[in-house]
Amino acid sequence: MNYKYLFGPVPSRRFGMSLGVDLVPFKTCTFDCIYCECGKTTDLTVERKEYIQADLIIAELDDFLKSHPALDFITLTGSGEPTLNLGIGKIVKHLKRYFGGYRVAILTNGTLLDDDCLIDDINMADVIKVTLNAADDNTLCRINQPHGSVGIDGIMSGIRKLRANFKNEIWIELFVIPGINDTDVVLSRLKEELSKINPDVIHLNSLDRPGSFAGAVPASGEILGKVKKFLEPMPVKIISKVADNVNNDNGKSGFETDPEEAIVSIIKRRPSTADDIVMISSLPKDRILKLIAGLKEKNIIGEKIMERGIFYFVR
Ligand code: SF4
C-alpha cells in the first residue's frame with residue numbers, strides 16, 4: 001500500500017522513533033509561523049472540518065500497524081494544524097482501541113483548544129504538545145502571524161481548559177526567536193501564564209531547519225540557557241539535536257522497497273540532512289548520498305546550507 005497520509009517512521013527529538021500522521025492538506029493552519037519548516041501557510045483558517053476523511057487515514061494506519069512495527073510514538077501532526085480536522089477524535093479513539101500498545105501524541109499550536117468538543121475528542125491521547133511562544137498578542141503576531149480571529153486570551157483560556165480536563169501529559173514547546181521572545185518583558189508574562197498551566201515539561205526549541213521567513217534566526221546555546229534559567233524552577237529542557245533521542249530500531253520502512261520515494265516522502269514534510277536520513281533509514285551514508293545525488297539530478301529535490309549542515313527539500 002502506498003501511504004498518502006503517513007510518513008516515517010522518523011527520528012524525532014522528543015518522540016523517539018515516531019510515525020507521523022498528516023491530518024490536513026498542505027498547508028492548512030491557523031498560524032503562519034515565521035519558523036515553519038513546512039513553508040508558508042496557503043490556507044489560513046480556523047474552520048474545523050474533515051479536510052481528509054478520517055476513514056482514509058484509519059485505513060492506512062490499520063495497514064501499517066498490522067505488522068506491529070517498533071515505534072515510540074504515533075504523532076498526529078503534519079503539514080499544518082491537526083486539530084482543524086474534525087475527524088481527529090475518531091482517529092485517536094481508533095488507535096487507542098485497536099492499537100493500545102502505542103503511545104499517541106498530538107502536536108498542536110493550541111489555537112482551537114477553547115472548543116469543548118475538541119478537548120473531548122483528544123482526551124484519550126497520551127501526550128498533547130502545545131506550542132506557546134509568548135503570552136502577549138504583539139509577540140504572538142510577530143512570530144505566529146495568526147488568523148485574524150485568533151488572540152492570546154483565547155489560546156490561554158484553551159490551554160487552561162485542557163489542563164483542567166486532560167489527565168495525561170501536557171508538554172509545552174517554546175520556540176525561541178532571538179530579538180523577539182527572549183526579552184525579560186516577554187518572558188516574564190509567559191512565565192506567569194505557564195505557572196498557572198503547570199505543564200509536565202517545557203521544551204525550548206530553536207530553528208535548525210530552513211524556516212519560512214529569512215528573518216527567523218537560530219537561538220545560540222547561550223540564549224537558550226538564559227531562557228531556561230529565567231523559567232526555572234519549572235521543568236525546562238533544551239531540546240538536543242535530532243540524533244540525541246533516536247531509537248534506531250525503526251521497524252518497517254519504505255526504504256526496503258523504494259528508497260528514493262522514501263527519501264522524498266520524508267523531506268516533503270521536513271527538510272532533512274543526509275545524516276538525518278541515514279538515521280531514519282539505517283542505510284549506509286554513501287548509499288544515501290548516491291540516492292540524494294540522483295534525486296538532485298532529476299531536479300526533484302534542492303538543497304540549502306544551514307548551521308547544522310546541508311538540508312534537502314522537495315522542489
Ligand atoms: S509551525 Fe506549526 S503552527 Fe506554525 S505555521 Fe507551521 S504548521 Fe502551523
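Nothing fancy with the numbering, it's 1 onward along the sequence. In listed order, ligands and their atoms are each counted from 1.
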Quiz question: by atom type and distance under 3.5 Å, do the side chains of [X] and [Y] form a donor-acceptor pair?
X	Y	answer
E173	T131	yes
N109	T111	yes
H147	D32	no

For [X], is the nearest heavy atom under 4.0 Å from an atom of ligand 1?
X	result
C38	no
K27	yes
F175	no

To the nearest 0.5 Å, what is the distance between OG1 (T75) and CZ (R14)?
-> 10.0 Å
Are F64 and Y3 an aromatic pair by the rule of ring centers under 6.0 Å?
-> yes
Ligand 1 atoms nearer than 4.0 angstrom to some heavy atom of Y35 are 1 (S)
Near N109, which atoms of ligand 1 are under 4.0 Å from a heavy atom of that residue?
-> 3 (S)
Taking [atom] as the reference point, the nearest protein heavy atom with its distance:
atom	answer
atom 4 (Fe) of ligand 1	C33 SG, 2.3 Å
atom 8 (Fe) of ligand 1	C29 SG, 2.3 Å
atom 7 (S) of ligand 1	G80 CA, 3.7 Å
atom 6 (Fe) of ligand 1	C36 SG, 2.3 Å

Any chance CZ of R315 has more than 12 other-residue heavy atoms, nucleotides or ligands included, within less than 6.0 Å?
-> yes
Beyond-backbone contact of L295 with E260, side-chain heavy atoms, under 4.5 angstrom = yes
